[in-house]
Student: 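Let me begin by handing over the structure; questions about it come next.
Every number for a ligand or one of its atoms is a count from 1 in the order of the listing. Values in this document were obtained by computation on a predicted structure and should not be read as measured data. All residue numbers refer to positions in the sequence shown, counting from 1.
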Amino acid sequence: MAVARVENRTKTFGPAVDLSCRECGQTYDLGPSFACIECFGPLEVKYQWDDSADAPPVSPVTREQIEAGPPNIWRYRGLLPVPDDVLDKVNLAPGWTKLVRARNLGRELGMRELYVKDDSGNPTHSFKDRVVAIAVEAARNFGFHTLSCSSTGNLAGAVTAAAARAGLDACVFIPADLEEAKVVTAAAYGGRLVGIEGTYDDVNRFCSELIGDEAGEGWGFVNVNLRPYYAEGSKTLAYEIAEQLGWRIPDQLVVPVASGSQLTKIDKGLRELIKLGLVPAKPYKIFGAQATGCSPVSAAYKAGHDVVRPVKPDTIAKSLAIGNPADGPYVLDIARRTGGAVEDVDDSVVVDSIRLLARTEGIFAETAGGVTVGVLRKLLESGRLDPDADTVVLNTGDGLKTLDAVTSWARPAAVIRPSLEAFRGAVAGA
Ligand SMILES: *Cc1c(COP(=O)(O)O)cnc(C)c1O
Ligand SMILES: [Zn+2]
């Protein structure tokens, strides 16, 4: 009864039909699995259009149907592995963040058409709400009672908030030395927040052990055993950027790289839009951005390597501090295939770039946004980014979460008595 099974799956996971191994292509039923039994490669969601005999395959949704949808990621539900009735479910409904035409920053950098996709506008102020929203629906489908994750900071808060809204328990794990604002916000939504003495990579390893243990039974780790579903949430960044540009793909995108999941799925989303005829086909370049203090993918790119050698992170861009990035090799493939690059900037450039974006566009980015804007500048200076091509740079988090990065310069101009005399003396003439 293969047909009935497909119908059932289609109902529960929308247009998704299978999980398939990125390395060897082996397919698996849609379940809480994340690694190939044959070759240990990562699994990813496959859709009905991937195997379609039609060329081009028929899109399950039209532009008009998408445009008539809600102002959040669920307008793209026809392209995501979520249940048909996702609109009736209680969740944080993230996405549909602003695509800001950055005229001032563009002018300062000598660029013709620059946009900032500002994902700080999500419910917990980072892009992570997108990926968690998809993982929550998968967790419900699989009957998990607890949501969990290993986090570099933003994910922990996105998970505790989403669990609160969905009525699930949460137990999330972070390196103990994260920014205060990320610790506090993650804890504020309830659930259990656990600090681990070690780096993110230690936290992640610990979570993998927990999955095999009875202590982790019934738990959905959004970025481990739910990772194939979680990762698909990043496609919505590609969909939104294209729709907000009037259903066209920009020439160049600058994307931050931690594990590399977001960058690889933005590419997947753009390819799907073209494949399904939702946008005109055209070439585009994807550039990956890292902080020099944790730049294993950039280092591999520059050395011409296909493998990524793990590093021990040391950077203020903690949200991107993954020393052993799971999707690093795929980021290298995409940068090379599209004619982009992977580049890194040091922490002082990160801080300057946060300041530049704030001063020119009124957007206060977290350190990850400083990394992308810094890399944008560096690529322009070295001539690898075309200043006359349409460019989108991502800001994936809110500066309020990384205040320590800017307190050296973001201070009052003066503190004075409430008198004109004091003002004239201290501020007006200065
Ligand atoms: C998690 C995160 C990213 C991207 O992470 P990937 O692991 O590469 O998908 C980017 N920016 C911020 C602020 C993040 O928290
Ligand atoms: Zn495999």
Student: Give yes if a backbone or side-chain nitrogen or oxygen of E366 is under 3.5 Å from a nitrogen or oxygen of ligand 1, and no if not.
Tutor: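 No, there is no polar N/O contact under 3.5 Å.
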Student: Suppose we screen for ring pair (Phe, Tyr, Trp, His ring centres under 6.0 Å). Which residues come up paired with Y239, at least two apart in sequence or across chains?
Tutor: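 Applying ring pair (Phe, Tyr, Trp, His ring centres under 6.0 Å) to Y239 gives Y76.
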Student: By number and element, which atoms of ligand 1 are closer than 4.0 Å to a non-hydrogen atom of L320?
Tutor: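 The list of qualifying atoms is 3 (C), 10 (C), 11 (N).
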Student: Could you list the atoms of ligand 1 found under 4.0 angstrom from a heavy atom of S319?
Tutor: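 Within the 4.0 Å cut-off of S319, ligand 1 contributes 13 (C), 15 (O).
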Student: Could you find the nearest protein heavy atom to atom 5 (O) of ligand 1 and give me its residue, atom name and distance?
Tutor: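 The closest one turns out to be A258 CB, 3.4 Å.
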Student: If we count only N and O atoms by modelled type, under 3.5 Å, do the side chains of T391 and Q252 hold a donor and an acceptor together?
Tutor: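 Looking only at side-chain atoms, Q252 and T391 do form a donor-acceptor pair, the distance falling under 3.5 Å.
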Student: Can you list everything that forms a ring pair (Phe, Tyr, Trp, His ring centres under 6.0 Å) with W96? Sequence neighbours excluded, please.
Tutor: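 Residues passing ring pair (Phe, Tyr, Trp, His ring centres under 6.0 Å) with W96: none at all.
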Student: Would you say the side-chain atoms of N223 and S150 include a donor-acceptor pair closer than 3.5 Å?
Tutor: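 Distance-only check passes for N223 and S150.
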Student: Listing by chain and number, which protein N, O or S atoms are under 2.8 Å from the Zn ion (ligand 2)?
Tutor: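 Metal shell, protein only: C21 SG, C24 SG, C36 SG, C39 SG.
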Student: Where is the nearest protein heavy atom to atom 12 (C) of ligand 1: which residue, which atom, and how far?
Tutor: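 Heavy-atom neighbour on the protein nearest atom 12 (C) of ligand 1: T396 OG1, 3.3 Å.
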Student: Only one of E44, Q26, K46 clears side chain to side chain contact (heavy atoms under 4.5 Å, CB included) with D18; which?
Tutor: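 Answer to the side chain to side chain contact (heavy atoms under 4.5 Å, CB included) test with D18 among E44, Q26, K46: K46.
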Student: Ring-plane angle category for F142 and Y229, please: parallel below 30°, perpendicular beyond 60°, tilted otherwise.
Tutor: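 If you compare the ring of F142 with that of Y229, the planes turn out perpendicular.
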Student: If you measure every N/O of S259 against every N/O of ligand 1, is any gap under 3.5 Å?
Tutor: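 Min N/O separation from ligand 1 is below 3.5 Å for S259.
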Student: Between side-chain atoms of residues 100-111 and protein atoms elsewhere (two or more places apart, or another chain), which donor-acceptor pairs fall under 3.5 Å?
Tutor:
{"from": "R101", "atom 1": "NH2", "to": "R112", "atom 2": "O", "distance (Å)": "3.1"}
{"from": "N104", "atom 1": "ND2", "to": "T360", "atom 2": "O", "distance (Å)": "2.8"}
{"from": "E108", "atom 1": "OE2", "to": "R359", "atom 2": "NH1", "distance (Å)": "3.4"}
{"from": "E108", "atom 1": "OE2", "to": "R359", "atom 2": "NH2", "distance (Å)": "2.8"}

Student: Looking at F287, is R384 sitting on its ring face, NZ or CZ under 6.0 Å from the six-membered ring centre and within 45 degrees of the normal?
Tutor: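 Ring-cation test returns no.
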Student: Among all protein heavy atoms, pick out the one at the shortest distance from atom 2 (C) of ligand 1; state its residue, atom name and that distance to 0.1 Å.
Tutor: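 Checking every protein heavy atom, the shortest distance to atom 2 (C) of ligand 1 gives K128 NZ, 2.3 Å.
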Student: In this structure, which one of E366, K128, E179 forms a side chain to side chain donor-acceptor pair (under 3.5 Å) with N154?
Tutor: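 Single pass found, and it is E366.
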Student: Which heavy atom of G190 sits nearest a heavy atom of T160, and at what distance?
Tutor: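 In this case the closest contact between G190 and T160 is O-CG2, 3.6 Å.
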Student: Which atoms of ligand 1 are found less than 4.0 Å from any heavy atom of P256?
Tutor: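 That gives atoms 10 (C) of ligand 1.
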Student: Could you verify whether a donor N or O on one side chain and an acceptor N or O on the other, from D344 and S298, lie under 3.5 Å apart?
Tutor: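 There is such a pair (donor and acceptor under 3.5 Å, judged by atom type) between the side chains of D344 and S298.
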Student: Within the 3.5 Å criterion, strictly below it, is a donor on N91 or W74 matched to an acceptor on the partner's side chain?
Tutor: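 Present: a donor and an acceptor within the cut-off.
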Student: Give the numbers and elements of all ligand 1 atoms closer than 4.0 Å to a heavy atom of A368.
Tutor: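 Checking each atom against A368, I get 11 (N), 13 (C).
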Student: Looking at atom 4 (C) of ligand 1, what's its closest protein heavy atom, distance included?
Tutor: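 That would be F127 CE2, 3.7 Å.
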Student: Does G260 have a heavy atom less than 4.0 Å from any atom of ligand 1?
Tutor: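 Per 4.0 Å heavy-atom rule, G260 contacts ligand 1.
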Student: Evaluate T152 for polar contact with ligand 1, using N/O atom pairs at a separation under 3.5 Å.
Tutor: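 No, T152 has no N/O under 3.5 Å of an N/O on ligand 1.
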Student: How far is atom 9 (O) of ligand 1 from its nearest protein heavy atom, and which residue and atom name does that atom have?
Tutor: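 Checked against all protein heavy atoms, atom 9 (O) of ligand 1 sits closest to Q262 N, 2.9 Å.
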Student: Are Y284 and D267 linked by a side-chain donor-acceptor pair shorter than 3.5 Å?
Tutor: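 Yes - a donor-acceptor pair under 3.5 Å links their side chains.
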Student: Distance under 4.0 Å to a non-hydrogen atom of S261: what atoms of ligand 1 satisfy this?
Tutor: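 Those atoms are 6 (P), 8 (O), 9 (O).
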